[in-house]
Undergrad: 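Can you read through this structure? Questions will come right after.
These figures come from a predicted structure and were not determined experimentally.
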Amino acid sequence: MRAPFQILAIPYKIIGTKPLFCIFRRTDSGDWQFIAGGGEDSETPLEAATREAFEESGIESANWKELKSLSYLPVTVIQEKHRRNWDMDTYVIPEYAFGVEYTGNMTLSAEHTECIWVTYREAVKKLKWDSNRTALYELNCILTNTK
């Protein structure tokens, strides 16, 4: 059963002192985003992020950073089929964000056509969703120790 929350996982790697971030192009819309998905059954957000990252990109990593960034997303047609299992007054669900350090090769699921490693500025220009840009900002600040 689908849990009433979303996750956002941001793969990153450090080259020298510079962080790079992996963004993914969606198959259905062509939009660029990070790994996203919903929790299942009694998963915690971190467990859901770990599973989604593996399913969508083959990432297996124990080096996760839980971010403070928290967004709320409207329950859309995608989640509507799961709504019957949720409280009837659930109109928005939280999206929990995580960074995950990864230096291996990505194995994309059918959900994405490609992925690319980019700088913070390049990612900000390409990302479709504000929640992705906000979480990226926080992770970039953590990795570069800036404000």
Undergrad: Are the side chains of Gln6 and Tyr72 in touch, meaning some heavy atoms are under 4.5 Å apart?
TA: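 No, their side chains stay 4.5 Å or more apart.
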
Undergrad: From Ile23 CD1 over to Asp31 CG, what is the distance, rounded to the nearest 0.5 angstrom?
TA: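 The distance works out to 11.0 Å.
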
Undergrad: Does the side chain of Tyr12 reach to within under 4.5 Å of the side chain of Glu101, using non-hydrogen atoms?
TA: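 A side-chain contact under 4.5 Å exists here.
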
Undergrad: Quick one, Leu127 with Phe34, criterion side chain to side chain contact (heavy atoms under 4.5 Å, CB included). Give me CA distance, side-chain angles, the key distance, then yes/no.
TA: CA-CA 8 Å; Leu127 290 168; Phe34 293 118; 3.5 Å; yes

Undergrad: Which heavy atom of Ala48 sits nearest to which heavy atom of Gly39, and what is that distance?
TA: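 Nearest heavy atoms, Ala48 then Gly39: CB-CA, 3.8 Å.
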
Undergrad: Could you grab the distance from atom OG1 of Thr17 to atom CG of Asn145, nearest 0.5 Å is fine?
TA: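 Result: 12.0 Å between the selected atoms.
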
Undergrad: Are Trp64 and Leu139 linked, directly or through other ILVMFWY residues, by side chains that come within less than 4.5 angstrom of each other?
TA: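 Different hydrophobic clusters.
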
Undergrad: Mind listing the closest non-hydrogen atom pair of Arg26 and Glu111 along with its distance?
TA: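 Looking at all heavy atoms of both residues, the shortest contact is NH1-OE2, 3.1 Å.
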
Undergrad: To the nearest 0.5 Å, how far apart are CD in Glu138 and CG in Leu143?
TA: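 So the CD of Glu138 and the CG of Leu143 are separated by 10.0 Å.
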
Undergrad: Establish whether Tyr102 and Ile15 are linked, either directly or via other cluster members, by ILVMFWY side-chain heavy-atom contacts under 4.5 Å.
TA: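 Cluster IDs for Tyr102 and Ile15 match.
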
Undergrad: Above 12 or not: heavy atoms from other molecules or residues under 6.0 Å from CH2 of Trp129?
TA: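 No, because the 6.0 Å sphere around CH2 of Trp129 holds 12 heavy atoms or fewer from other groups.
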
Undergrad: Taking side chain as C-beta onward, heavy atoms only, is Pro45 less than 4.5 Å from Phe98?
TA: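 Sidechains of Phe98 and Pro45: in contact.
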
Undergrad: Might you point out which heavy atoms bring Leu8 and Ala36 nearest each other, and give the distance in Å?
TA: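 For Leu8 versus Ala36, the nearest heavy atoms are CD1-CB, 4.3 Å.
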
Undergrad: Would you say Glu66 has more than 12 foreign heavy atoms packed within less than 6.0 Å of its CD?
TA: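 Count not over threshold, so no.
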
Undergrad: How about CZ on Phe54, more than 12 heavy atoms from neighbouring residues, nucleotides or ligands closer than 6.0 Å, or not?
TA: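 No, CZ of Phe54 has 12 or fewer neighbouring heavy atoms, counting only those of other groups under 6.0 Å.
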
Undergrad: Only one of Asn132, Ile35, Leu67 forms a side chain to side chain contact (heavy atoms under 4.5 Å, CB included) with Ile10, so which one is it?
TA: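 The passing option is Leu67.
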
Undergrad: Considering only NZ, NE, NH1 and NH2 on the basic side and carboxylate oxygens on the acidic side, decide whether Lys126 and Glu122 come within less than 4.0 Å.
TA: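 Looking at Lys126 and Glu122, the cut-off is not met.
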
Undergrad: Enter the distance from Leu136:CG to Asp130:CG here, rounded to the nearest 0.5 Å.
TA: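 Atom-to-atom, Leu136:CG and Asp130:CG are 12.0 Å apart.
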
Undergrad: Of all the heavy-atom pairs spanning Ala135 and Ala97, show the shortest one and how long it is.
TA: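 Minimum heavy-atom separation between Ala135 and Ala97: CB-CB, 3.7 Å.
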
Undergrad: What is the minimum heavy-atom distance between Ala49 and Ile7, and which atoms define it?
TA: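 Shortest heavy-atom contact: CA-CD1, 3.7 Å.
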
Undergrad: Report yes if some heavy atom in the side chain of Leu20 is under 4.5 Å from a heavy atom in the side chain of Thr119; otherwise report no.
TA: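 Yes, close enough: below the 4.5 Å cut-off.
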
Undergrad: For the residue pair Phe24 and His112, does the interplanar ring angle fall in the parallel (under 30°), tilted (30 to 60°) or perpendicular (over 60°) class?
TA: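 Tilted, since the angle between the ring planes falls between 30° and 60°.
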
Undergrad: Is it possible for you to say whether Leu108 and Ile116 belong to one hydrophobic cluster, with membership spreading through side-chain heavy-atom contacts below 4.5 Å?
TA: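 In one cluster: no.
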
Undergrad: Please tell me whether Val118 and Ile14 are part of a single hydrophobic cluster in this structure, the criterion being side-chain heavy atoms less than 4.5 Å apart.
TA: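 In one cluster with Val118: Ile14, yes.
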
Undergrad: To check you understand the geometry: which heavy-atom pair defines the closest contact between Met106 and Trp117, and what is its length?
TA: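 Met106 and Trp117 have their closest heavy atoms at CE-CZ2, 3.6 Å.
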
Undergrad: Looking at OG1 of Thr134 and CD of Glu95, how far apart are the two atoms once the value is rounded to the nearest 0.5 Å?
TA: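 If I round to the nearest 0.5 Å, the distance is 9.5 Å.
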
Undergrad: Just wondering, more than 12 heavy atoms not from Asn105 lying within 6.0 Å of its CG?
TA: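 Check fails, neighbour count at 12 or below.
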
Undergrad: Fit a plane to each ring of Phe21 and Tyr120, take the angle between them on a 0 to 90° scale, and name the class: parallel (under 30°), tilted (30 to 60°) or perpendicular (over 60°).
TA: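 Rings of Phe21 and Tyr120: perpendicular, as their planes differ by over 60°.
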
Undergrad: Does Asp87 have any side-chain contact (heavy atoms from CB on, under 4.5 Å) partners at least two apart in sequence or in another chain, and if so, which?
TA: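 Per chain and number, Asp87 pairs via side-chain contact (heavy atoms from CB on, under 4.5 Å) with Asp89, Thr90.
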
Undergrad: Side chains of Gln33 and Lys128: does their closest heavy-atom pair fall under 4.5 Å?
TA: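 Sidechains of Lys128 and Gln33: no contact.
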
Undergrad: Do Leu46 and Tyr96 touch side chain to side chain, with heavy atoms closer than 4.5 Å?
TA: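 No, their side chains stay 4.5 Å or more apart.
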
